[in-house]
Student: 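For reference, the structure I am asking about is given below.
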Amino acid sequence: MQPIQIAVVPVTPFEQNCSLLWCTRTMKGVVIDPGGDLDKIRSAIAETGITVDKILLTHGHVDHAAGAAELAETLGVKVEGPGEADQFIIDDIPAMAAKYGIPNARAVTPDRYLSEGETVSVGDLTLDILHVPGHTPGHLVFVHKGVGIAIVGDTLFRGSVGRTDFPYGDPDLLIAGIVGKLLPLGDNVVCLPGHGPVTSIGDEKAHNPFLPR
Ligand SMILES: [Zn+2]
């Protein structure tokens with residue numbers, strides 16, 4: 001049995017799935033994509049009783065990253081991820097937050113950018129990092145292979161894929177990344193997307209209309 005547990009906290013007007021992922025043996029955890037609504041995130045942290053070790057970001061969009069700077073400061077933890085190629089999107093967070101009415105949004109400079117092939121650890125857990133660009137250039141996916149779960153951010157959704165209608169979006173690159181890196185994780189791998197319900201690689205392989213078959 002892997003000592004892993006996950007809780008999802010929907011945040012921001014975009015109902016973004018911020019997740020707490022923790023090691024039940026050490027009770028150390030990470031907060032992934034704290035886009036906002038820090039009160040809700042803090043309550044969830046208190047409820048679970050975990051000690052937050054670090055903050056992870058899948059990508060730089062406002063609904064995923066806008067609360068990272070403040071939460072990191074108040075918890076005294078570091079921010080790791082996304083890929084460095086997303087920094088220009090992170091830098092644009094204050095402007096995007098004003099546009100979409102997300103309060104207390106701040107840009108952040110991660111303490112560590114992450115790249116494919118590196119790992120992040122929390123307690124006794126190790127997460128592998130995949131680079132799946134196209135939605136944003138520095139988008140990462142965090143995978144725990146032992147238990148078969150992937151935090152996929154805005155790459156793959158139940159029945160859909162991330163939007164690519166940004167100046168920096170690339171639909172072909174996104175599909176290539178999903179097909180080349182996510183689908184091979186295996187049918188039983190559970191995917192926790194940045195928005196909407198949980199799904200699995202097998203379900204998306206069978207039913208996702210955006211994926212080639
Ligand atoms: Zn996004």
Side-chain angles (χ1 to χ4, degrees), residues 6 8-21 30-38 40-41 55-71 79-110 113-116 127 129-143 150-179 181-182 191-199 204 208 210-211:
I6 295 179
V8 174
V9 186
V11 296
T12 81
F14 294 95
E15 291 286 301
Q16 196 274 120
N17 292 327
C18 168
S19 1
L20 309 184
L21 181 156
V30 291
V31 180
I32 305 174
D33 287 355
D37 293 332
L38 295 187
K40 285 170 74 175
I41 297 173
I55 291 167
L56 300 179
L57 299 177
T58 60
H59 66 294
H61 277 155
V62 59
D63 51 329
H64 293 255
E70 187 182 332
L71 191 63
V79 178
E80 300 191 3
E84 189 169 7
D86 268 18
Q87 187 61 51
F88 78 99
I89 298 171
I90 297 176
D91 292 339
D92 202 36
I93 282 176
M96 286 295 130
K99 185 172 166 188
Y100 294 115
I102 299 179
N104 304 318
R106 282 170 53 187
V108 62
T109 304
Y113 296 114
L114 297 171
S115 309
E116 181 162 301
L127 302 175
I129 295 160
L130 296 174
H131 179 216
V132 185
H135 175 71
T136 66
H139 197 302
L140 305 178
V141 168
F142 300 104
V143 183
I151 313 293
V152 297
D154 288 355
T155 57
L156 180 65
F157 300 112
R158 186 151 138 193
S160 189
V161 296
R163 46 184 291 208
T164 51
D165 58 328
F166 308 107
Y168 48 80
D170 187 331
D172 294 340
L173 196 58
L174 176 61
I175 299 300
I178 293 169
V179 170
K181 297 179 182 181
L182 298 187
C191 299
L192 178 52
H195 306 266
V198 166
T199 185
E204 295 317 306
N208 193 311
F210 294 89
L211 302 182

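When a ligand or atom number is given, it counts from 1 through the structure's own listing order. For clarity, every value in this text was computed on a predicted model and none was experimentally measured.
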Student: Is the side chain of D37 donor-acceptor paired with the backbone N or O of V11 at a distance under 3.5 Å, no angle test?
Tutor: no

Student: Looking at L140, is its backbone amide N or carbonyl O close enough to the side chain of H131 to form a donor-acceptor pair, meaning the two atoms are under 3.5 Å apart?
Tutor: no

Student: Can you tell me the angle formed at the Zn ion (ligand 1) by ND1 of H61 and NE2 of H135, to 10°?
Tutor: 90°

Student: Spell out, as yes or no, whether a donor-acceptor pair under 3.5 Å connects the side chain of D33 to the backbone of C18.
Tutor: no

Student: Of all the atoms in D63, is at least one N, O or S atom closer to the Zn ion (ligand 1) than 2.8 Å?
Tutor: no

Student: P82 versus T136: any side-chain heavy-atom pair under 4.5 Å?
Tutor: no

Student: Checking one value in my table: which N/O/S atom of D154 lies closest to the Zn ion (ligand 1)?
Tutor: OD2

